[in-house]
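Working notes, beginning with the structure itself.
Letters A, B, ... mirror the listed sequences (proteins, then strands); counts begin at 1. Computed from a predicted structure; not experimentally measured.
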There are 2 protein chains.
Amino acid sequence: MAEKDLNTEQKILEAARLVFTQKGFEGARMQEIADKAGINKALLHYYYRSKDKLFEGVFREAFFTMVPQVMDLLKSEMPLFEKIRFFTSNYIEIFINNPFIPGFVLHELSVNPKRIVDLLSNMGIQPALFLDQIQAEIDKGIIKPIDPRNLLTNMLAMCIFPFVARPILQNILFTNDEQAFAQFVEDRKKAVPEFIINAIKNE
Amino acid sequence: MAEKDLNTEQKILEAARLVFTQKGFEGARMQEIADKAGINKALLHYYYRSKDKLFEGVFREAFFTMVPQVMDLLKSEMPLFEKIRFFTSNYIEIFINNPFIPGFVLHELSVNPKRIVDLLSNMGIQPALFLDQIQAEIDKGIIKPIDPRNLLTNMLAMCIFPFVARPILQNILFTNDEQAFAQFVEDRKKAVPEFIINAIKNE
DNA sequence: ATTTAGTTTAACTAATTGGTTAAACTGATT
DNA sequence: AATCAGTTTAACCAATTAGTTAAACTAAAT
């Protein structure tokens, strides 16, 4: 009995990840995925029944990379400022390693918002704890009054936005120098949390 | 000689705007645009030779809505804090009226980055003046030291991100209450500039 | 050497999509 | 009424795409 090439399935998934995340579901072509995986198109359907099934796998993985583990950071017991530093730098690091994830996930959610219900209903994503912690610090007078949801949105925005807008930011701010942009994003792992803390801390 | 129905061309453009901005180029169907415009598919090609031509028009309009006029605000002579308030509130207002523009433009630029070169080479988008102004305020000790490009990126991020991530933010923060989310974004026209100014001002 | 189960492929099919065409309609002008 | 340019349509075409099929290959087991 011939051994199943263990690499083939991995190569398909890797190829699908590349094509789907960069072209989106509608822009992706099964033929291109097959080519990138170095196999025939029919073999794709041997491993994965349909484009939808293959996409579902890639999307779920991407979504979980982007949303839940990281949101768990917000649930941990940790002083607010430390938590902000920990969350933003870790979140940015994740996108440095998966730069196409944010644009991919947000676009697919926009095109097909009912995915959210399916995905989020399973797992309880619960920012309430973090929002409460912010409110508590406000009440104690440690940070300035702010709608906690605005603060959370600002944190997410500053972490995620550079990756969604990379082409134009890289062009305008760094004359398309890829290396310079990479350094810029790396610096933001420290700059963003300091910016946020400066914005909210009293005194 | 029969009068050309002046509304038809407008209705086509309006329909194309709707479909392209919500589905993207690859996801858009000429038939759907025709249906939404209340006309036949062939009439689309009578007015606009091809899908690409129609898309080009819609995309350029969207891009110009998103980038250049607003960037001009940054060039104006105005004290920094006032400029930040003016820019962010105006920018957010634009997206309140065109909520699908950010996701559409950023996605199409990601999928086809060479569009940027074509579009930006024509008009000189020049944030240098704003960046210099920030540096000058830092040197004067009026605001805290910060990479001006980081500050500009943060401003753009906080204005744009909520519209790119609307489906998931609306779901998680507002249990899918559309009206509540609209109010949230409206509030950000004041909350975002205050957040930014708090983050950078000395004392 | 032959069998056999798993693996890979070329060739095909059905459906969708962007785009064309030629005919029909409309209403102002003569 | 007949004409005529501009407008609208139904029917068709060619290309692309997701998905199928049946045959061929591979290598371990007998």
(message) Assess, by modelled atom type and distance only, whether the side chains of B:Asn154 and A:Arg188 contain a donor and an acceptor separated by less than 3.5 Å.
(response) yes
(message) Less than 3.5 Å apart, any donor N or O on the side chain of A:Glu108 or A:Asn112 sitting next to an acceptor on the other?
(response) no
(request) Identify whether any heavy atom of A:Ala34 sits under 4.0 Å from a base atom; if not, whether one sits that close to sugar-phosphate; answer base, sugar-phosphate or nothing. (result) nothing
Using whole Å, report how far [atom1] of [X] lies from [atom2] of [N].
X       : N      : atom1 : atom2 : result
B:Ile39 : C:dC25 : CD1   : C1'   : 16 Å
B:Glu32 : C:dG18 : CD    : P     : 10 Å
A:Phe25 : D:dA18 : CZ    : P     : 8 Å
B:His45 : D:dA10 : NE2   : C1'   : 15 Å
B:Gln31 : C:dA15 : CD    : P     : 18 Å
B:Leu44 : C:dT20 : CG    : P     : 12 Å
A:Leu43 : D:dC25 : CG    : P     : 17 Å
B:Met30 : D:dA14 : CE    : P     : 20 Å

(message) Side chain of A:Tyr46 only, heavy atoms from C-beta on: which candidate in C:dT8, D:dT9, C:dT9 is closest?
(response) C:dT8
(request) Looking only at side-chain atoms of A:Asn40, point me to the closest of D:dG19, C:dA10, D:dA10. (result) C:dA10
(message) Taking the nucleotide of DNA chain D with the nearest heavy atom to each, does B:Lys41 or A:Ala28 sit closer to the 5' end?
(response) B:Lys41
(message) Side-chain N or O of A:Tyr48 versus OP1/OP2 of D:dG19: is the shortest distance under 4.0 Å?
(response) no
(message) Below the 4.0 Å mark, does D:dT8 have OP1 or OP2 next to a side-chain nitrogen or oxygen of B:Tyr47?
(response) yes
(message) If I take atom CZ from residue A:Phe181 and atom CG from residue A:Leu169, how far apart are they, to the nearest 0.5 angstrom?
(response) 5.5 Å
(request) Return yes if the base of C:dG19 and the side-chain atoms of B:Lys51 contain a donor-acceptor N/O pair under 3.5 Å, otherwise no. (result) no
(request) Count the heavy atoms of every other residue, nucleotide or ligand shown that sit under 6.0 Å from NZ of A:Lys83, and state whether that count exceeds 12. (result) yes
(message) Tell me if the centroids of the rings in B:Phe104 and B:Phe55 come within less than 6.0 Å of each other.
(response) yes
